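Below you'll find the structure, written out as structure tokens, and then a few comments.
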Amino acid sequence: MCGILAVLGVVDNSQAKRARIIELSRRLRHRGPDWSGLHCHQDCYLAHQRLAIVDPTSGDQPLYNYDKTVIVTVNGEIYNHKKLRQKLKSHQFRTGSDCEVIAHLYEEYGEEFVDMLDGMFSFVLLDTRDKSFIAARDAIGITPLYLGWGHDGSIWFASEMKALIDDCEQFISFPPGHIYSSKQGGLRRWYNPPWFTEKIPSTRYDPTVLREAFERAVVKRMMTDVPFGVLLSGGLDSSLVAAVANRYLADTDAARQWGSQLHTFCIGIQGSPDLKAAKEVANYLGTCHHELHFTVQEGIDALEEVIYHIETYDVTTVRASTPMFLMSRKIKSLGVKMVLSGEGSDEIFGGYLYFHKAPNKEELHQETCRKIKALHLYDCLRANKSTSAWGIEARVPFLDKEFINTAMDIDPEWKMIKPDIERIEKWVLRNAFDDDENPYLPKHILYRQKEQFSDGVGYSWIDGLKDHANEQVTDAMLKHANFVYPENTPTTKEGYHYRTIFEKLFPKGAARSTVPGGPSVACSTAKAVEWDAAWSKNLDPSGRAALGVHAAAYKDAVDIKIEEPNNGSL
């Protein structure tokens, strides 16, 4: 992941302003430690902090069209850039960067080219011929982007809000799947897939179609000129990413450069469920596996630094980001700059344990749509910023545009959880990779119960965080929380503690408004809490809050053995 900062229409374009832009851009250097770039055109500045993944030697940014009249600063990867170049044979390219194609597509097609891009991206493009500009964010919001307004009438864009907070009184999270156009005067949606309307689909489930769509999503994300690996928790999603990557790695350019043995990484507290399961999967696949450990105290000591990087006080995000942040630091020390990760599957397939209580297929489908639309505020934010804190790029195959469209077009009746016929959560995905002749994974891993990352690294992690918060926040403080924090008021001591840290780091009202709120159980939306009356008394984002569903639901004991579900069948 790179860091971008663009400031357009400033009143003061002096050397002092240029120095200020450079200073603010440096706040994003953790995202791109490999090179810094800045282009100034009259009262417009485009800055870039580069993490070199594709074409490390010549792809420094900002990037240009042939005559340098179009300038673009990009954070992300364009997986279909070679195919797009075939549509642009009359254009002369300056670099081998996958992102340069954006400048040429604009030159060829104008503003209506964004849907042609297959990848994850946030970019700002300046057309110096008329001083117009556009900014856009990928379909789901895998890459972060913020939009702010300066007192002098300037418009600001940045990968993280820490680059905006001192110079913009107001800023927002740039909505995914949107484009900002100076010519048309605001935001408009460019991503309009069929599922976005939440209309109930009726396509019959075809396991082969689903499997092949996911395999294509994984393979295209192995486009890299630097060493990479897979984040492997041992759960279904990360294990499938690892299994597919391992199966196809030998035929990629990456293997010819860096070898054909896949590297996998897992972190957890000693004895945690993830460590055991990940090691078993790694042994089965024959990967070069790196098992990393942390203690509850090490996680607690990192909390303020984690919140600074992830820019949220959402409880479940902080819980899961901390081990991912610690793991990323160790991965970077091994020379790896890119990882594949399993985010997005639970939202697409109704994989969270609270989906066991979905009353019908209509509500299940609508909840999955709501969850996907909110990913940029939760799991995408966590995966991107926790890894980018140490200059690592996380790629997420489940959030491939084609794969989402395929999976969300399935009649949601197939996604319903039906214990009476041994159909557990995400059965359609498990079944698609259940191949007896050429197995991807061992059966009991393929049908392992869902563990949220913050739970799977060790149940004592969540309990330790709660104990720590109880020591920091008194009963009186929580009682008066609505007076101290009237907006998005914390309802637990843990939430209060994270909010206090966040407010110290990001004290402006605009910052706190970028963080979502509302009741949740086991990562549900507020609407899904209504599915079970008992949940309103047990609001906690942990999977163990799904009372009567999780094999280790909250009881007197902390670490409880998980019984593996049996293999499902039609």
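Keep in mind it's a predicted model, so treat the numbers as computed, not measured.
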Open item on the list: Let me confirm one number: the CH2-CG distance from Trp156 to Leu147, rounded to the nearest 0.5 Å.
Closed with: 12.5 Å

Taking atom types as modelled, find out whether [X] and [Y] have a side-chain donor-acceptor pair closer than 3.5 angstrom.
X: Thr489; Y: Asn482; value: no
X: Ser238; Y: Ser233; value: yes
X: Asn384; Y: Arg31; value: yes

Task: Heavy-atom check, side chain of Val318 versus side chain of Ile501, under 4.5 Å - done: no

TODO: Could you list all the salt bridge (Lys or Arg N to Asp or Glu O under 4.0 Å) pairs where at least one residue sits in residues 165-188, not counting sequence neighbours?
DONE: Arg20-Asp167, Arg27-Asp166, Glu111-Arg188, Glu112-Arg188, Asp130-Lys183, Glu169-Lys508

Open item on the list: If we check salt bridge (Lys or Arg N to Asp or Glu O under 4.0 Å) with Lys373, which of these qualifies: Glu347, Glu198, Glu367?
Closed with: Glu198

- [ ] Just jot down the ring pair (Phe, Tyr, Trp, His ring centres under 6.0 Å) partners of Tyr496, sequence neighbours excluded, or say none.
- [x] Tyr485

[Y]/[X] salt bridge by N-O under 4.0 Å criterion:
X: Asp67; Y: Arg129; result: no
X: Glu494; Y: Arg319; result: yes
X: Arg221; Y: Asp400; result: yes
X: Lys162; Y: Glu311; result: yes
X: Asp346; Y: Lys371; result: no
X: Lys83; Y: Asp118; result: no

Open item on the list: Using the ring centroid of each side chain, check whether Trp258 and Phe228 are separated by less than 6.0 Å.
Closed with: no

- [ ] Write down the atom of Ile78, the atom of Asp98, and the distance for their closest heavy-atom approach.
- [x] N-OD2, 2.8 Å

Task: For Ser25, all residues meeting side chain to side chain donor-acceptor pair (under 3.5 Å), sequence neighbours excluded - done: Gln49

